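Written out below as structure tokens is the structure these notes cover.
Since we're looking at a predicted model, the values are computed, not measured. A note on names: the letters A, B, ... follow the listed sequences, proteins ahead of strands, and every chain is numbered from 1.
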Amino acid sequence: MDITADYDAISQCNRCGFCQVACPVFRSTGQESGVARGRLALLRGIIEERVPWGRELEDPLFTCLGCGACTANCFGAVPLVDLIITARGQYLEQVGRKSIHKLLFDHLLPYPDRLHLAARAVAMGKKTGLSKLAGALGLLRVLGRDLARADRIIDRLPATAFRQKIVPGIYAGSGRKLSVGYFVGCGIDIIQQRTGHATLGLLRNIARQVIVLDNGCCGLPAWTYGDMPAARRLMRKNLEMFTRLSVDLIVTDCSSCAGFLKKYDTIAARTCAADSVDDSKKMPAVPEIRDMVEFLCQHRENVSRDDALPDLNPSRQGCTPIVVTYHDPCHAVRGQGLGRESRELLDGLPDMVFREMPESDWCCGGAGAYALSHYDLSMTVLDRKMDNVAATGADLLVTSCPACMIQLSHGVRRKQLDTRVCHISEIYRYRHGRISGG
Amino acid sequence: MIDNRLIQSLVAVVGQSRVSVTRTGMELYSYDASLVKGHPSVVVFPADSSQVAQVVKMAVQAGVDIVPRGFGTNLSGGTISVTRGLVIAMTRFNNILEICPENRYAVVQPGVTNLEVQQALAKFGAFYAPDPASQKVATLGGNAGENSGGPLCLKYGVTTNHILGMELVTADGEILRIGGPALDPPGLDLRGILVGSEGTLGIVTELTLRTLPRCESVITMLAVYDEIQAAARSVSGISSAGIVPSTLEMMDATVIEAVEASAPCGYPTDAAAVLIIEVEGVRAGLEEQAARIRQICMDTGCRNIQTAGNAAERDRLWQGRRGAFGAIARLAPNYLVNDACVPRTRLPEALEQVGAIAEHYGCRVGNVFHAGDGNLHPLLLFDSRNPRELDMVHRAGWDIMAACVSLGGTISGEHGIGKEKQAAMHMIFSHDDLAAQRLVKQAFDPHQRINPDKIIPLPYPQGGPFLLNRPGGMSASGVSAAADAIQAAAEAGRSVLITGTGCFANACHLSSTDTTPVSTLGMTDIIEYDPANQFITAGAGMSLSSLQQVLGKNNQWLPLRPPWRGEIITTGAVAATGVSGPERMRYGAPRDLALGLRYLDSRGRIIAAGGKVVKNVAGYDMTRLMIGSYGGLGMITEITWKVVTRADTCLAVQARGSLTHCVQAALTLMNAPLFPALIVAAPATDHPPAGSSPFILTVGFEGHAAAVRHKAAVCGNLVKDAGLDSATLDTYDIVAGCLRKSFADLDRYPFILKASGSLDFLLHNVQVIDDLAHPDHWLLDCGNGRVFAALNQLPDDMWRSLTCGADFWSSDAATMKNARTKGAGNHIILEKFPNAFCRTHDLFSPIPGPVQDLTRRIKQALDPGRLFVSGQLT
């Protein structure tokens, strides 16, 4: 992988600066090193041999959230995220990588059970090899931000992984058609299990049968970090598993996974040089992928609600209507062009009033492993988001990406808001006409 | 020199993470949105004006050059350090400090983007008129630095017409306040020279913007043309019909094609050009206006014209214009936008030449531009990786500027000169003109540390001056005689007193007896009058009333009604004093209406400033500096005025009530979408005490009949709601106005003073003046926040307490610093006084010390021998 191959795309930047207003990082720092125009100028400088590879490039290359807001605001639609990730890959080759990342991508993320064990081990303060690794990586920050500092840690981190309770396999549904594969993201598996239950319930309402997949990480974290070989290994593992399935489509309730799964084809094409297997063995084809948001929007007439919506702020219990606002995950709104669907789902629900927040499509600063190395910057970005949330006075902050949910929950606690963060599946699965305590 | 010690001191001021010195860091500040490149040595990110001041002091002490920078979207290289200096990035100055819609101003930090302030104002039903196409990302500091325009400027004017004041860090590292919500502070128009100075005279750390109430309704139309000349004819036809659309945007076939290819919005792809025409105002009469526009378009060769039926359709029509740059951007790796300007009737020729130039250099070009003010934006496509193409677009850009200048235009309408167009300054300015501008730079920045080597070119870089073909100047009648008289006086060591019909000469100190009076009265030529392009250039000795007569033949006028001596005042005196009446709220003051001027400097040389197109940002705005300078910097010989079509209907609404009720009604009117031409309150009886006696509120509306009648009716209801008694309606003459009698009543007294503050200070100001001076008569110019008070006598101690005694008027730096909302910048000026009075008294409240120093330095630079008698203003 060499960014020289992207010289044309990089040169398309006319330095008009329109990316600056859209970039959450630039709005936090005000420095060119934190915005598309600056990053592209450096890439061009590298190609034109004015800028040498070195540690000075780490910040400009790795502070990008990858939210894609710059591209959406760019006259020439320069695909900054793809370019920057290629450059990260080259940075790792030219300047060096931390071996610890290799362990994460090669030995932890591909294996759901190991990942859960590692997270739990760290949470419980156990000194095992895995926990040491996960601790060193700031895995807790990735998965739970302030989990380590919060009370009731163990309560919040479920004792067993989602797929230890819901064993991968076939589950009968009440729908007439459709065999659906449920791709379980790492966040759902380890932390947001209530979302997982809600999604599975909804899928079973809609589909004839649901297959809970035994998938590993989608590969997005590895790709974002610039580790192309690791990303391809994760992709290949999933794709090969998909070929063995008999499903009409695959649904995931993680918009980040969905966005990345949909991009498998293009990513595979862009990164094929990084794969030693590639010469002999073609990457399997990508099946139909649906984000839960679009799937639910299409089939919402067919779902039924179950238990009461839990954990609303006590002072608001029994009050109607409940105020709902929505945060657009980057990988939904720009990654997949989904935005209308979530509004259609939320607007006009009984006893709920939808209130749009300012800058709803701005990144929350979660951005997967971003907080790993850029905690403070990530918090500045989050604070802007939470101010916008607070302005709506929402009881429920709804979104469709577990990574965003972690970050937003942290934001709620940070700002001490009376707002509950939940997944859009939960809104549809859990009855909200009557609200009970707890 | 930049060394570790300097870096350490910078870090101590702004913090470690706010100083960047790495090689990568410097690469990131080597560019802006132009093609200019240059590496700084260090970049700092200060948080407030005191940090900026400290950084400036340190840099100047270390002998390091400074370049201020906002979001770096400059299109002429203005934010690039070409001398390996220090960049002060203003990106942390991003707060809106105050919004005051009734008083029509907002206070912002320079790092706030134009769009952010628009969004904040929209919540109050207000807006800020300049709306550059880059408003999403361009900061207000940059807007002020470049004197930005935008589509709406056709109707409302450019940035300089909408900046009321600023906080400035000077080259000495002093923090000073210039202007504020109160209009026209005494002294030189420093904000006039600072706006458009491209960050070369100081660093702006706060801005006071003039805001306006939003219009009630808007009609958007798309006119389609088979030939581009027909579109240009429509543009001229619309303006000469006296209709001022809020926008008149044109796109040519290349752009239409590109837009339709990337994001179709229904432009016909076989058209040669489309015009987006928008009119806004009150609902009443707007449709008639739109219908007239449609008729004019069809009469001038339009294929068809469609009107947006709703907001969605309107968005769709605009979508193409907004996306034009993007659509073009996809056709090639890079594009260069040139922003040369021509008088709008010359647009067809200009476009033809642009096409020919592009063909000559073999580069593709698309045209999207502000047709209403003749501001071109040819987009030249190229690949910056190819040195030959880069060279080619530079040459093409140069030739386009030359072509526009030869058509009577200028080299830059919006984007500034910066580094990119420096050499092209020779196309429009003579050696002497440029030398005068250099002196201004010298006055502000004696050590040439602030953004050096920008704007003003080195003398004749390419072997000789370009041909400047300008009528008027020394050849106009009366000018060479005046020049001789000035030179003779200079040689004889006498000073010069500029005279005309005696309307302002007595405002000067006449202590010196060695004074040669030099009269403007021989300068009566109409040098150029172009009704279609709505400008007139006339000698300074021509009286305003004769000028109005000339303009009247084409149903035009110069929208100024000086309160006093309106029959005899010369246009030169209008310019030199900057006088304005209550109609200022609608039409602006002379500073807003002058496009350019010539003057004789202290060596009797003729100096040109500005030009004759509405949008002109080439060089320092010497026009603004000269206007209101009371003849202290030079002798104005001719002025080019922007003129307007006479409104067909003028209606005055009058209602009676207490002073408080009148002011309350005025406040409501200020933020209502009615756009009155004037709001004035005057006592209903002679010799009134200010307290409880009744006042008459007069609100004037000028425009098209239907709209004016509707506005007057709405106004009638509004004033009734505010507690005034039933309103009466009267028509009046546009040139004479409806206030002659009111001002004549004041003019019976020997002393008239004018106190200015924002409108919500009006009552307070009246109270202060009443307590201190017990005036004999009043006129409250509510629309401009001004109080006129007439007195039979003005004893020394009374004038002293009026100007200095009360804290209220005091405007020393200490009280102003924390007085953003406490009347900062309020001031008082004596408008009329017996001749003897000015020999012994200042005629205005004190000018803050640092501002006074700056004023003196400018005087010293432009008139080192103190040739021109100028009183205490300079």
Side-chain angles (χ1 to χ4, degrees), chain A residues 4 7-23 25-61 70-78 358-359 376-377 380 384, chain B residues 17-18 20 22-35 37 39 43 45 47 69-75 87 89-94 111 113 115-116 119 133-139 142 262 322-337 383-386:
Chain A
T4 311
Y7 195 21
D8 282 348
I10 290 165
S11 304
Q12 191 82 37
C13 172
N14 222 33
R15 298 182 311 279
C16 70
F18 272 60
C19 46
Q20 296 176 108
V21 273
C23 177
V25 175
F26 180 80
R27 294 324 299 265
S28 303
T29 65
Q31 305 191 3
E32 291 269 342
S33 58
V35 71
R37 177 172 75 166
R39 303 185 215 272
L40 289 166
L42 292 179
L43 297 188
R44 190 165 174 167
I46 293 167
I47 296 171
E48 292 170 2
E49 296 180 337
R50 280 191 310 280
V51 178
W53 284 105
R55 293 276 167 208
E56 283 181 14
L57 286 169
E58 183 173 322
D59 247 32
L61 293 182
C70 47
T71 307
N73 224 31
C74 175
F75 287 139
V78 177
E359 303 176 342
D376 294 336
L377 199 48
T380 320
R384 182 175 178 129
Chain B
S17 65
R18 312 293 189 187
S20 171
T22 60
R23 182 165 170 187
T24 316
M26 296 312 99
E27 179 77 14
L28 288 166
Y29 287 83
S30 66
Y31 56 82
D32 56 15
S34 71
L35 297 177
K37 288 274 239 172
H39 276 72
V43 183
F45 302 85
R69 174 183 172 111
F71 280 7
T73 59
N74 187 285
L75 287 164
V87 168
M90 301 294 286
T91 46
R92 296 170 73 198
F93 284 71
N94 47 17
T113 66
L115 190 64
E116 281 166 344
Q119 285 164 345
S134 55
Q135 64 174 183
K136 207 166 169 183
V137 62
T139 61
S262 69
R322 294 201 188 102
F325 278 36
I328 288 280
R330 277 165 220 166
L331 299 181
N334 307 93
Y335 59 86
L336 175 76
V337 198
D383 186 338
S384 62
R385 291 172 292 179
N386 182 334

Point-to-point distance, once rounded to the nearest 0.5 Å, from CZ of A/F75 to CD1 of B/I328: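 Result: 11.5 Å between the selected atoms.
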Point-to-point distance, once rounded to the nearest 0.5 Å, from CG of A/N14 to CG of B/L35: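 Interatomic distance, A/N14 CG to B/L35 CG, rounded to 0.5 Å: 8.0 Å.
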Would you please name every residue forming a salt bridge (Lys or Arg N to Asp or Glu O under 4.0 Å) with A/R39, sequence neighbours left out?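 Applying salt bridge (Lys or Arg N to Asp or Glu O under 4.0 Å) to A/R39 gives none.
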Is chain B contacted by the side chain of [X], its backbone, both, or neither, given a heavy-atom distance below 4.5 Å?
X     : answer
A/E48 : side chain
A/C19 : neither
A/Y7  : both

I'd like to verify something: which residue of A/G17, A/S33, A/A9, A/S11 has the highest number of heavy-atom pairs under 4.5 Å with chain B?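 Highest number of heavy-atom pairs under 4.5 Å: A/S11.
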Looking at chain B, which one of A/A22, A/P52, A/C13, A/C74 has the largest number of heavy-atom pairs inside 4.5 Å, strictly under? A/P52
Donor-acceptor check, side chain of B/R23 to backbone of A/R50, threshold 3.5 angstrom: yes or no? yes
Keeping the roles fixed (side chain from B/Y29, backbone from A/E32), state whether a donor-acceptor pair exists under 3.5 Å. yes
Least distance between heavy atoms, [X] atom then [Y] atom:
X     : Y     : result
B/Y31 : A/A41 : CE2-CB, 3.4 Å
B/D32 : A/R15 : O-NE, 3.1 Å
A/C16 : B/A33 : CA-CB, 4.0 Å
B/T24 : A/P60 : CG2-CG, 4.4 Å
A/V51 : B/E27 : CG2-CG, 3.7 Å

Heavy-atom distance under 4.5 Å to chain A: side chain of B/F71, backbone, both or neither?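 Contact with chain A involves both backbone and side-chain atoms of B/F71.
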Heavy-atom proximity to chain A below 4.5 Å, by part of B/L331: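 For B/L331, no heavy atom lies under 4.5 Å from chain A.
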B/S384 side chain to A/R44 side chain, donor-acceptor N/O pair below 3.5 angstrom: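 Looking only at side-chain atoms, A/R44 and B/S384 do form a donor-acceptor pair, the distance falling under 3.5 Å.
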Ionic contact status for A/R27 with B/E116, cut-off 4.0 Å: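 Salt bridge flag = yes for A/R27 with B/E116.
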Does this structure show an ion pair linking B/R385 with A/D8, if we count only N-O contacts that are shorter than 4.0 Å? yes
Heavy-atom pairs under 4.5 Å with chain A are the metric here; pick the option from B/S30, B/S134, B/A89, B/A327 that has the most. B/S134
For the candidates B/T91, B/T113, B/T22, B/V137, which exhibits the highest count of non-hydrogen atom pairs separated by less than 4.5 Å from chain A?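 Heavy-atom pair counts peak at B/V137.
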